[in-house]
Amino acid sequence: MAILLKPDSKVLVQGITGSFGARHTQLSLAYGTKVVAGVTPGKGGQKFEDQVPIFDTVAEAVRETGAVASAIFVPPPFAADAILEAVDGGVELVVAITEGIPVNDMIRVKRAMEGRKTRLIGPNCPGIVIPGEGKDSHGGCRIGITPGYINKKGNIGVVSRSGTLTYEAIWQLTSRGVGQSTCVGIGGDPVNGTSHFDVIKMFNDDPETHGIIMIGEIGGSAEEEAAAWIKKNCKKPVAGFIAGATAPPGRRMGHAGAIVSGGKGTAAAKIAAFKEAGIGVAATPTEMADTLLKMM
């Protein structure tokens, strides 16, 4: 059983007619994702690839197709409003791929989403993959930009702030013949939706997830919070890696949230929290899968 979605969940794409959104919609369709609608204001009534109807609004798309999830491929100045449109349209899961959304915009989004049923993944994330049964794991659900061909259906959950390291962990597992239950890239922005903690709890409750890889990076305290919960509650083996150990204090490395400030959010503190919680710590990115497999 996957978390967050089912392999046959109906998905809509906001920004489906842009070059980036179009390319990844094509890849998701090829993977077997049930992309049932696109949303681009002013282009309602058209079709994407002669098969996916395009609507002017999310509300109309949800009403006509029953979509439960949305992928956001909308440019940064308009992405926050696109997220809120999805929330108002009744979408259960919003996956915001867009990078560079202003922090103030995301603060507005977070406040507006309080008490609403919609869950947000991202922004600035690679998205979600639920591997399928078919060749190259096709027949699953891919929302975002993660390469589908690297996935294999199985029992390891992957959650990461880093897109590239998400792909690396998945490929290491697949190369060793070990499949994944769900792969979730939560993004590295300072203001985001779903956290490591949220995903770890879902993996812990999922009977088909037998082990977990958790990838973090410098900045913030989300990894330490997840580690504290894992120490007290998690019944499954967890291996982890923290990126940014050599980053100088005060300098942002890659993600907007990956900055060490005031002595907080250091790699050393996060690694210490992992070890204290019984999480197997990979010394380098190349060791993530093997660290978990040795624990299992």
Side-chain angles (χ1 to χ4, degrees), residues 1-7 9 31-33 95 121 125-187 194-217 222-223 226-227 229-231 233-243 274-275 277-296:
M1 183 175 70
I3 66 168
L4 295 166
L5 290 168
K6 298 177 181 178
S9 292
Y31 193 71
T33 307
V95 183
I121 304 290
C125 75
I128 302 170
V129 177
I130 300 169
E133 298 278 8
K135 182 181 178 182
D136 294 330
S137 195
H138 290 189
C141 184
R142 171 191 182 271
I143 304 179
I145 60 175
T146 299
Y149 70 89
I150 65 175
N151 291 269
K152 173 183 174 66
K153 185 173 178 61
N155 303 107
I156 304 300
V158 178
V159 56
S160 172
R161 278 171 71 177
S162 164
T164 305
L165 291 179
T166 304
Y167 315 152
E168 177 65 23
I170 294 168
W171 182 242
Q172 286 179 22
L173 290 166
T174 298
S175 297
R176 289 156 177 76
V178 179
Q180 307 88 46
S181 55
T182 312
C183 305
V184 187
I186 59 174
T194 300
S195 67
H196 284 103
F197 170 73
D198 298 324
V199 179
I200 292 291
K201 285 176 66 178
M202 286 184 268
F203 280 145
N204 189 57
D205 292 338
D206 176 26
E208 293 188 13
T209 296
H210 301 165
I212 303 164
I213 292 180
M214 178 171 68
I215 304 166
E217 58 188 27
E223 291 87 350
W229 188 89
I230 288 168
K231 181 180 179 180
N233 302 285
C234 192
K235 306 176 182 67
K236 301 172 182 181
V238 182
F241 175 73
I242 298 296
F274 276 22
K275 291 180 177 178
I279 299 169
V281 178
T284 69
T286 61
E287 301 172 21
M288 293 184 290
D290 288 338
T291 299
L292 177 64
L293 296 178
K294 287 176 183 176
M295 296 176 69
M296 297 179 71

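In what follows, residues are counted from 1 in the order of the sequence shown. For clarity, every value in this text was computed on a predicted model and none was experimentally measured.
- Under the 4.5 Å side-chain criterion, counting only non-hydrogen atoms from C-beta, Gln172 is not in contact with Glu287.
- Thr33 places a side-chain heavy atom less than 4.5 Å from the side chain of Cys141.
- Applying the side-chain hydrogen bond (donor to acceptor under 3.5 Å, both in side chains) test to Ser160 and every residue at least two apart in sequence or in another chain returns Thr166.
- Side-chain contact between Ile230 and Met214 is present, with at least one heavy-atom pair separated by less than 4.5 Å.
- Looking at Arg142, its side chain never comes within 3.5 Å of a backbone N or O of Tyr31 through a donor-acceptor pair.
- A 4.5 Å side-chain heavy-atom check between Pro126 and Ile145 finds at least one atom pair inside the cut-off.
- In this view, Pro237 and Leu292, Met295, Met296 satisfy the side-chain contact (heavy atoms from CB on, under 4.5 Å) rule, not counting sequence neighbours.
- Proximity of a side-chain donor or acceptor of Glu208 to a complementary backbone N or O of Ala2 within less than 3.5 Å is not detected.
- Under the 4.5 Å side-chain criterion, counting only non-hydrogen atoms from C-beta, Tyr167 is not in contact with Ser162.
- Remark: Trp229 pairs with Phe197, Ile200, Lys201, Asn204, Asn233, Cys234 by the side-chain contact (heavy atoms from CB on, under 4.5 Å) rule, at least two apart or across chains.
- Residues Ser181 and Phe203 are in side-chain contact: their nearest non-hydrogen atoms beyond the backbone lie under 4.5 Å apart.
- Closest approach of Asn151 and Pro131 over heavy atoms only: CB-CG, 4.0 Å.
- In this structure, Leu165 and Pro285 approach most closely via the heavy-atom pair CD2-CB, 3.9 Å.
- In this structure a side-chain-to-backbone donor-acceptor pair under 3.5 Å is missing from Thr291 to Val281.
- Screening residues 164-187 for salt bridge (Lys or Arg N to Asp or Glu O under 4.0 Å), with sequence neighbours left out, gives Arg176-Asp290.
- Under the 4.5 Å side-chain criterion, counting only non-hydrogen atoms from C-beta, Leu4 is in contact with Ile121.
- Here the closest heavy-atom approach between residue Gly139 and residue Pro7 is recorded as O-CB, 4.3 Å.
- Applying the side-chain contact (heavy atoms from CB on, under 4.5 Å) criterion to Lys6, with sequence neighbours excluded, gives Asp8, Ser9.
- Closest non-hydrogen pair, Glu217 versus Arg161, comes out as O-NH1, 3.0 Å.
- A search for side-chain contact (heavy atoms from CB on, under 4.5 Å) contacts involving Ala277 returns Ala227, Lys231, Ile279, not counting sequence neighbours.
- Each of Val199, Asp198, Thr194, Ile215 was checked for a side-chain contact (heavy atoms from CB on, under 4.5 Å) with Val159, and the lone residue meeting it is Val199.
- Within the 3.5 Å criterion, the main-chain N or O of Gly154 finds no donor-acceptor partner in the side chain of Gln180.
- Side-chain contact between Leu5 and Ile143: present, with at least one pair of heavy atoms (C-beta onward) separated by less than 4.5 Å.
- Here the options are Ile212, Leu173, Thr182, Thr174, the test is side-chain contact (heavy atoms from CB on, under 4.5 Å), and the partner is Ile156; only Leu173 passes.
- Taken from OG in Ser175 to NZ in Lys152, the straight-line distance is 11.0 Å, to the nearest 0.5 Å.
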